[in-house]
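A short worksheet on the structure shown next.
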Amino acid sequence: MTKPSAFRRLAGQEFFGPALALLLIVVIVAATTPAFLDLQNFRNIALQVSILSIVAIGSTIVIITGGIDLSPGSMIAFLTMCLAVFVKNQGMDLAPAIALTLLIGCALGITNGVLVAYIGIPAFIVTLAGLSAFQGLALTLNGGTPAFSLSEELGQVFYGTFLGLPLPFFYVVGSYLLFTVIMEHTRLGREIYAVGGNESAARLSGIDVAKVRLTAFGFAGACAAFGAVLLAARLNSGSPNYGSGIELQAIAAAVVGGASLAGGRGRVVSTLIGSLIIVVVQNGLNLNAVTTSMQSLTIGLIILIAVGLDVWRARIGRGLGRLTGAQRA
């Protein structure tokens with residue numbers, strides 16, 4: 001048996017397809033507008049992708065368990081308002097206000113997890129209800145009006161630098177390293193994949209399926225909370241309108257990155273590539289002065305194509321396998 005070449009081994013990696021798609025999109029966007037290659041534009045892309053990519057980690061983990069989370073967008077709106085109220089209305093110091101906001105986010109995610117894992121309500125219904133409920137909670141704070149100019153220090157959480165690099169770079173790298181280790185090198189990660197791959201087999205092998213699902217939604221809540229803090233820091237404000245649509249972008253990033261909506265498959269690092277694809281496409285459309293309605297349509301098409309590829313991936317793989325086998329014969 002011949003040893004596969006280095007290229008074939010690379011092409012067999014889950015991230016190869018999304019990375020190739022990202023490269024193609026970068027080439028196309030760069031060809032349509034010279035402004036894309038401006039260093040300031042790359043900085044804007046890096047800052048923009050930092051929030052989406054962190055939120056998408058939680059969405060990816062939930063998807064790997066075979067679930068779905070539609071609530072991060074409205075959760076972010078509520079949490080930015082919580083942070084605004086803590087800092088501006090109650091005069092709380094920034095560090096404890098951020099810590100409390102993160103804890104509330106974890107609690108909201110765990111609440112979703114309890115309803116899904118222990119009460120038995122489908123994840124789609126629970127998080128769809130959460131999408132509406134968290135938006136309603138956001139509107140109850142500060143009279144439903146945005147709060148601006150929260151703190152001069154808060155802006156440094158997003159725009160500050162360390163070793164000459166913007167802080168969001170370290171947030172993203174740290175988050176992806178942490179969750180890559182959890183998902184690929186710990187027992188919990190193996191259990192998450194097992195539950196999404198075959199829940200019955202996982203239960204028979206002694207895995208506490210409910211606990212795993214609860215943990216996945218807890219991670220999703222923590223990631224949404226982190227994203228909310230970064231968004232509030234970026235805009236130095238809180239608003240019931242923040243985070244709108246980010247739940248769909250996060251799901252799209254996970255699926256474009258190779259996660260299967262059927263569960264059991266996906267990699268956190270590939271979600272980062274999926275996030276970059278979403279943001280680069282949006283950036284290219286903005287630079288080409290494409291209307292907001294057309295941008296929404298384009299993102300919708302990307303989601304549709306990604307899900308279609310997910311559904312047809314196995315059939316395409318079997319077809320290519322038969323074709324390769326026939327050629328060898």
*Applying side chain to side chain contact (heavy atoms under 4.5 Å, CB included), name anything that partners A254, two or more places apart in sequence or on another chain.*
T60, I63, A259, T271
*Partners of R190 by side chain to side chain contact (heavy atoms under 4.5 Å, CB included), sequence neighbours excluded?*
R187
[X], [Y]: one ILVMFWY side-chain cluster at the under-4.5 Å cut-off?
X    : Y    : result
F179 : L230 : yes
I76  : L139 : no
L52  : V62  : yes
M75  : L128 : no
V279 : I28  : no

*Could you walk me through whether Y159 and R234 pass the side-chain contact (heavy atoms from CB on, under 4.5 Å) check?*
CA-CA 7 Å; Y159 292 106; R234 180 183 182 184; 3.3 Å; yes
Any donor and acceptor pair, going by atom type alone, linking the side chain of [X] with main-chain N or O of [Y] inside 3.5 Å?
X    : Y    : answer
E247 : G73  : yes
S296 : T292 : yes
K88  : A147 : no
T145 : N142 : yes
S244 : N241 : no

Take a 6.0 Å sphere around [atom1] of [X] and say whether it holds more than 12 heavy atoms from other residues, nucleotides or ligands.
X    : atom1 : result
E153 : CD    : no
Q40  : CD    : yes
Y118 : OH    : yes

Which pair of heavy atoms, one from [X] and one from [Y], lies closest together, and at what distance?
X    : Y    : answer
S53  : L272 : CB-CD1, 3.8 Å
C106 : A222 : SG-CB, 3.6 Å
A21  : I277 : CB-CD1, 4.2 Å
P240 : A77  : O-CB, 3.3 Å
V55  : P72  : CG1-CB, 3.9 Å
Y193 : R267 : OH-CA, 4.0 Å

Will you find, in the side chains of [X] and [Y], an N or O donor that is under 3.5 Å from an N or O acceptor?
X    : Y    : result
N112 : S71  : yes
Q295 : N286 : yes
S59  : D69  : no
N283 : N44  : no

*Taking the side chain as every heavy atom from C-beta outward, state whether Y176 and V268 have any atom pair closer than 4.5 Å.*
yes
*Considering only heavy atoms from C-beta outward, does the side chain of F226 approach that of S175 to under 4.5 Å?*
yes
*Step by step, work out the side-chain contact (heavy atoms from CB on, under 4.5 Å) result for I192 and M183.*
CA-CA 8 Å; I192 288 173; M183 293 299 293; 3.7 Å; yes
*Taking the six-membered ring for Trp and the single ring otherwise, decide whether the centroids of F42 and F36 are under 6.0 Å apart.*
yes
*Check step by step if side-chain contact (heavy atoms from CB on, under 4.5 Å) holds for Y242 and S237.*
CA-CA 10 Å; Y242 288 167; S237 59; 2.4 Å; yes
*Does the pair F134 and L79 meet the rule for a side-chain contact (heavy atoms from CB on, under 4.5 Å), with working shown?*
CA-CA 9 Å; F134 299 147; L79 292 171; over 6 Å; no
Taking distance alone, no hydrogens or angles, what donor-acceptor pairs closer than 3.5 Å link side-chain atoms of residues 208-221 to residues at least two apart or in another chain?
from : atom 1 : to   : atom 2 : distance (Å)
D208 : OD1    : A210 : N      : 3.4
D208 : OD1    : K211 : N      : 3.2
R213 : NH1    : T65  : O      : 2.9
R213 : NH2    : E199 : OE1    : 2.6
T215 : OG1    : K211 : O      : 2.8

*How many angstroms lie between atom CD1 of I25 and atom CG of L276, to the nearest 0.5 angstrom?*
10.0 Å
